[in-house]
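Note: hydrogens, waters and symmetry copies are ignored here, and every other heavy atom, side chains too, is used. Fair warning: this is a prediction, and the values are worked out from it, not measured in the lab. In what follows, chains are A, B, ... by sequence order, proteins preceding strands, each numbered from 1.
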Amino acid sequence: VTRVAYALVAPLCALTLFACRGRDSAQPEPIAASPAQSAAAPESQETAPLAKATVTLYFPSAAGDMLAVETREIVDTKRPADRGAQIVAMLIDGPETDGALPAVPPGTTLRRLWVRDDGNAYADFSEELLAGANAGSSDEILTVYAIVDSLAANVPAIRKVAILVAGRERDTFGHLDISRPLSPDLSLAAAAAASPKE
Amino acid sequence: MTSLRPFLLAVAVGTAALAADPVPVKIATDASGASTRVVLTFAKKVSCAVAEDPGHVKIRCDDPVAADPATGKLDDAILDRFATEGDRTIVLSTGRGFRSVDTFALKNPFRLVIDLQGSRSAKAVPVPAVPAKALPVIVIDPGHGGVETGAVGPSGLQEKDLTLDLARRLKAVLERQGATVVLTRDEDRVLPLDDRTAIANHNRAILFISIHLNASKRTTAVGAETYFLSTSATDAEARTLAGLENKAYEPPDAQPKAEGGPPGHDLELILWDLAQNSFLVESSKLAEAIQSELNAATGVRDRGVRQAPFRVLMGATMPAILIEAGFISNPEEEARFKDDAYKDKVVEAIARAVASITARP
């Protein structure tokens with residue numbers, strides 16, 4: 001049991017460190033943690049084995065122009081940003097089934113992810129995310145909504161998702177307006193859920 | 001029987017109170033074009049009369065109205081400001097450049113569109129001018145351009161070239177139908193998305209048609225689809241909220257946006273988003289008409305009418321749609337788009353849909 005707990009905690013710490021990378025300036029963290037969030041004990045201080053939570057990930061479907069669904073398990077952390085970072089890390093690692101395609105271009109990393117009290121999540125990706133920019137709107141829509149839907153559907157505190165690249169807001173990847181947080185579009189996923197096999 | 005009287009009295013008072021409830025009216029203005037456009041979006045149909053006074057254009061409504069915002073100052077040579085007078089009149093205070101007013105109404109939701117014609121000699125707008133009393137303008141937007149090639153097909157066909165080719169063909173067909181057509185670009189050059197919408201607004205277009213070709217990592221993907229703006233993208237309240245949220249958002253490692261929007265950028269975007277929100281019903285009808293004509297004419301896979309937050313549609317002050325005419329990532333579909341007869345078939349289908357929409361009384 002102890003080994004299992006370690007195995008779960010280790011990647012989580014790595015994620016937390018990773019999410020904090022680049023925060024080397026003297027400025028304070030801009031996103032004030034909600035009282036509920038600050039009250040939550042840091043994961044490392046928890047003594048009981050960490051529970052798991054089942055999440056639904058959305059990847060571009062290999063068969064159609066919809067989002068394919070994959071079910072995964074994450075560590076059941078309380079902080080929305082930690083849950084979000086785990087989900088995005090799984091999206092970056094790619095799908096496990098043949099029916100799904102990678103959601104982001106190879107080499108893409110998550111620089112930071114944070115969630116504000118108003119329900120907006122900010123996912124800041126590396127430049128590699130732009131590799132698919134200015135091509136077809138179909139792939140662009142599926143990449144954007146794989147990220148937005150996976151976060152909004154699995155983290156109750158997240159209502160909308162803003163996608164940043166290398167710390168900056170962008171107006172667009174070529175077609176969609178991504179200058180502000182996007183609401184999930186579960187119609188792309190609902191159809192996929194209705195016909196999971198092609 | 002006497003016991004009924006207080007009850008009847010209460011009903012009478014109740015209906016009187018209901019009748020006095022003002023009808024909410026959203027006011028949006030756009031002074032970026034050659035004329036200044038005011039769109040009044042009513043929560044329900046109210047009959048109003050538009051009258052010209054020296055220095056003012058007054059919209060007098062039969063029922064009380066509650067304007068949002070109640071007042072506004074534009075500092076525009078054609079429309080200086082607007083305000084409410086009493087509970088039934090909206091007053092547009094015109095500027096020195098004002099000459100005349102055109103009004104038309106739209107249904108579902110009920111809207112009054114008021115175009116204030118005039119001139120702003122001080123800040124002339126460098127856009128293709130349309131002759132006075134010209135036919136209604138249709139703006140066609142060939143996607144991408146210049147170094148932004150867009151999608152590229154397996155044999156090298158570039159989206160930016162094909163969109164321009166299709167746009168020129170569509171222009172010719174629509175002009176034969178009697179329309180005046182303006183292309184957002186008629187050469188191979190980069191054109192920012194917001195400029196494309198602005199050209200449609202400047203020209204007071206009645207329709208905005210953006211033409212694109214799709215691409216996917218799945219080379220089996222084929223077919224055409226027509227988009228209009230998603231409602232969530234134009235949710236006025238959400239947008240207002242988002243504007244405020246953006247101001248509060250300052251990550252520690254944030255760098256200013258390279259382009260650096262001017263002050264008041266958020267407010268401007270909110271007004272523009274509202275503008276397309278007023279035309280979503282017409283945009284969806286245009287999209288449906290185009291998609292069904294494309295299906296009938298080409299027989300390729302029907303990917304249907306869809307909604308997404310396309311940036312190029314957001315600021316349009318007229319019905320606006322985006323056509324993804326086919327997947328040039330698919331070898332067979334790419335080959336079809338090298339055939340002049342097929343390209344003509346596609347643009348003629350679009351033109352038939354445009355004719356069916358614009359012919360409506």
Side-chain angles (χ1 to χ4, degrees), chain A residues 21-32 60-65 101-102 105 111-112 114 116 118-120 122 124 132-145 159-160 162 164 166-185 187-188, chain B residues 143-144 147-152 159 192-194 210 212-218 220-221 223 225 227 229-230 232-233 235 238-239 241-246 248-259 261 265-266 269 273 303 306-314 322 324 327-329:
Chain A
R21 203 188 65 167
R23 206 187 132 202
D24 46 8
S25 73
Q27 291 175 51
E29 173 72 39
I31 312 307
S61 162
D65 37 272
L101 296 172
R111 298 172 82 239
R112 299 180 64 209
W114 66 99
R116 288 167 46 102
D118 57 21
N120 287 340
Y122 293 78
D124 180 11
N134 265 307
S137 67
S138 176
D139 285 354
E140 183 180 320
I141 288 169
L142 293 180
T143 287
V144 165
Y145 284 103
R159 286 192 298 117
K160 293 186 179 186
L164 313 183
R168 293 184 185 210
E169 295 173 42
R170 294 183 63 87
D171 285 341
T172 179
F173 291 138
H175 297 94
L176 300 193
D177 178 272
I178 57 160
S179 65
R180 277 159 291 186
L182 285 168
S183 300
D185 183 352
S187 69
L188 291 165
Chain B
H144 308 276
V147 294
E148 290 171 17
T149 56
V152 180
E159 181 183 0
L193 295 178
D194 293 353
S210 187
H212 284 249
L213 278 302
N214 217 332
S216 174
K217 289 191 284 279
R218 294 170 296 108
T220 51
E225 65 208 324
Y227 279 96
L229 197 64
S230 46
S232 66
D235 180 328
R239 282 303 180 180
L241 211 58
L244 296 172
E245 284 159 4
N246 276 358
Y249 150 62
E250 277 174 28
D253 49 353
Q255 294 145 30
K257 254 180 163 179
E259 308 88 298
H265 187 61
D266 284 342
L269 280 174
D273 292 355
R303 290 168 54 87
R306 301 179 181 207
Q307 287 180 271
F310 277 94
R311 174 99 182 177
V312 78
L313 302 178
M314 278 189 162
L322 184 146
E324 291 282 1
F327 280 81
I328 58 169
S329 50

Inset, instruction - Step by step, work out the side chain to side chain contact (heavy atoms under 4.5 Å, CB included) result for Phe327(B) and Asp65(A). - result: CA-CA 12 Å; Phe327(B) 280 81; Asp65(A) 37 272; 5.8 Å; no

Inset, instruction - Apply side chain to side chain contact (heavy atoms under 4.5 Å, CB included) to Leu193(B) and Asp171(A), showing your working. - result: CA-CA 10 Å; Leu193(B) 295 178; Asp171(A) 285 341; over 6 Å; no

Inset, instruction - Starting from the C-alpha separation in whole Å, work towards a yes-or-no answer on side chain to side chain contact (heavy atoms under 4.5 Å, CB included) for Ser179(A) and Arg311(B). - result: CA-CA 9 Å; Ser179(A) 65; Arg311(B) 174 99 182 177; 3.4 Å; yes

Legend entry - Residue pair Arg306(B), Asp185(A): steps toward the salt bridge (Lys or Arg N to Asp or Glu O under 4.0 Å) verdict: CA-CA 12 Å; Arg306(B) 301 179 181 207; Asp185(A) 183 352; over 6 Å; no

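Residue contact with chain B, scored on non-hydrogen atoms closer than 4.5 Å, is absent for Ala162(A). Of the two parts of Leu101(A), only the side chain, counted from C-beta on, holds a non-hydrogen atom closer than 4.5 Å to a non-hydrogen atom of chain B.
Closest of all the heavy-atom pairs between Ile141(A) and Phe310(B) is CD1-CZ, 4.3 Å.
If you tally non-hydrogen atom pairs under 4.5 Å between each of Gly150(B), Ala221(B), Ser216(B), Ala151(B) and chain A, the highest count goes to Ser216(B). Of all the listed residues (Leu313(B), Thr220(B), Asn214(B)), the one sharing the greatest number of non-hydrogen pairs under 4.5 Å with chain A is Asn214(B).
Judged by distance alone, with hydrogens and angles left aside, the side-chain atoms of Asp139(A) form a donor-acceptor pair with the main-chain N or O of Lys217(B) at under 3.5 Å.
Between the side chains of Glu324(B) and Ser138(A), not a single donor N or O lies within less than 3.5 Å of an accepting N or O.
Put simply, the residue from Thr172(A), Leu176(A), Val144(A) that forms a side chain to side chain contact (heavy atoms under 4.5 Å, CB included) with Pro309(B) is Leu176(A).
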